[in-house]
Amino acid sequence: MQKPIYKRVVLKISGEALAGNKGFGIDQDTLNSIADQIKEIHDLNVEIAIVVGGGNIWRGRDYKEMDRATADYMGMLATVINALALQDALENREVQTRVQTAIEMREIAEPYIRRKAIRHLEKGRVVIFAAGTGNPFFSTDTAAALRAAEIDAEVILLAKKVDGVYDSDPVINPTAQKFTSLDYIDVLNKSLGVMDSTATSLCMDNKIPIIVFGINTPGNIKKVIMGENIGTTVKG
Ligand code: GTP
């Protein structure tokens with residue numbers, strides 16, 4: 001039987017991906033489909049840490065008239081809502097999970113403790129990291145890069161609504177070309193919008209490859225885990 005090419009991964013799920021076609025909030029069918037896909041790779045004994053975004057509920061950087069730090073804290077709370085929804089969907093599928101938050105809210109979830117997170121992964125639990133890095137001015141992509149470095153993940157799977165990185169916006173430009181691979185430095189120099197520069201630099205400095213792919217097609221996470229080149233790989 002074919003084996004996964006990764007043992008420990010960080011799966012970054014954007015908030016938008018959870019909204020499906022609703023555009024806002026959580027679409028239950030989409031959530032279920034994502035949870036099915038996660039279970040599929042969990043069944044292959046891949047250790048999975050998830051970092052979830054919050055843009056389907058609140059995107060701090062879009063609120064220009066609000067104090068940026070306040071708007072970012074509101075965004076961090078949005079990620080906690082998404083984390084709990086994912087936890088519920090996964091546990092409905094008999095996948096054990098632990099949510100850890102970067103801002104303490106002990107009544108709801110465990111606080112982030114690196115060594116505990118690693119232990120959970122070793123025991124086969126899916127760990128869902130919520131509240132970003134716990135700091136305003138840092139994106140959840142940066143949280144994914146930071147957690148990946150901390151837990152020694154081999155790769156960041158950047159699950160998006162679009163199926164890779166294009167030279168222009170494929171929604172606006174039908175002739176946009178998809179890249180199959182890119183260097184970190186190209187992402188930084190060309191402002192390709194894969195990840196913000198802080199997150200990309202952190203991945204570059206720690207040599208963590210990023211695979212950008214579309215999560216709304218069932219089976220895609222498994223394909224990536226099996227080494228199929230379906231999206232765009234960013235590495236050095
Ligand atoms: P082991 O150390 O492997 O036994 O891990 P465990 O997570 O099962 O042990 P623990 O006794 O720490 O946790 C039992 C349950 O309580 C799990 O569902 C945890 O997610 C939860 N839990 C642990 N610490 C906290 C916390 O600070 N706040 C909240 N809300 N739940 C917690």
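In each ligand, atom 1 is the first atom listed, and ligand 1 is the first ligand listed.
- Checked for salt-bridge contact, Arg93 and Asp36 meet the test: a charged N lies under 4.0 Å from a carboxylate O.
- Remark: Glu228 pairs with no residue by the salt bridge (charged side-chain N to carboxylate O under 4.0 Å, His left out) rule, at least two apart or across chains.
- The pair Glu47-Lys7 meets the salt-bridge criterion, since a charged nitrogen lies less than 4.0 angstrom from a carboxylate oxygen.
- Relative to the six-membered ring of Tyr112, Arg147 meets both conditions, a distance below 6.0 Å and an angle of at most 45° to the axis.
- Salt bridge Asp163/Lys178: present, at least one basic N to carboxylate O contact under 4.0 Å.
- The shortest non-hydrogen separation linking Lys160 to Val194 is NZ-O, 3.2 Å.
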Short N or O separations between ligand 1 and the protein, below 3.5 Å:
{"unit_1": "ligand 1", "atom_1": "3 (O)", "unit_2": "Lys123", "atom_2": "NZ", "d": "2.3"}
{"unit_1": "ligand 1", "atom_1": "3 (O)", "unit_2": "Arg125", "atom_2": "NH1", "d": "3.0"}
{"unit_1": "ligand 1", "atom_1": "3 (O)", "unit_2": "Arg125", "atom_2": "NH2", "d": "3.4"}
{"unit_1": "ligand 1", "atom_1": "5 (O)", "unit_2": "Arg125", "atom_2": "NH1", "d": "3.0"}
{"unit_1": "ligand 1", "atom_1": "7 (O)", "unit_2": "Arg98", "atom_2": "NE", "d": "2.7"}
{"unit_1": "ligand 1", "atom_1": "7 (O)", "unit_2": "Arg98", "atom_2": "NH2", "d": "3.4"}
{"unit_1": "ligand 1", "atom_1": "8 (O)", "unit_2": "Arg98", "atom_2": "NH2", "d": "2.7"}
{"unit_1": "ligand 1", "atom_1": "12 (O)", "unit_2": "Lys116", "atom_2": "NZ", "d": "3.1"}
{"unit_1": "ligand 1", "atom_1": "20 (O)", "unit_2": "Glu110", "atom_2": "OE2", "d": "2.9"}
{"unit_1": "ligand 1", "atom_1": "27 (O)", "unit_2": "Arg106", "atom_2": "NH1", "d": "2.9"}
{"unit_1": "ligand 1", "atom_1": "28 (N)", "unit_2": "Arg106", "atom_2": "O", "d": "2.6"}
{"unit_1": "ligand 1", "atom_1": "28 (N)", "unit_2": "Ala109", "atom_2": "O", "d": "3.2"}
{"unit_1": "ligand 1", "atom_1": "30 (N)", "unit_2": "Arg106", "atom_2": "O", "d": "2.4"}
{"unit_1": "ligand 1", "atom_1": "30 (N)", "unit_2": "Ala109", "atom_2": "N", "d": "3.3"}

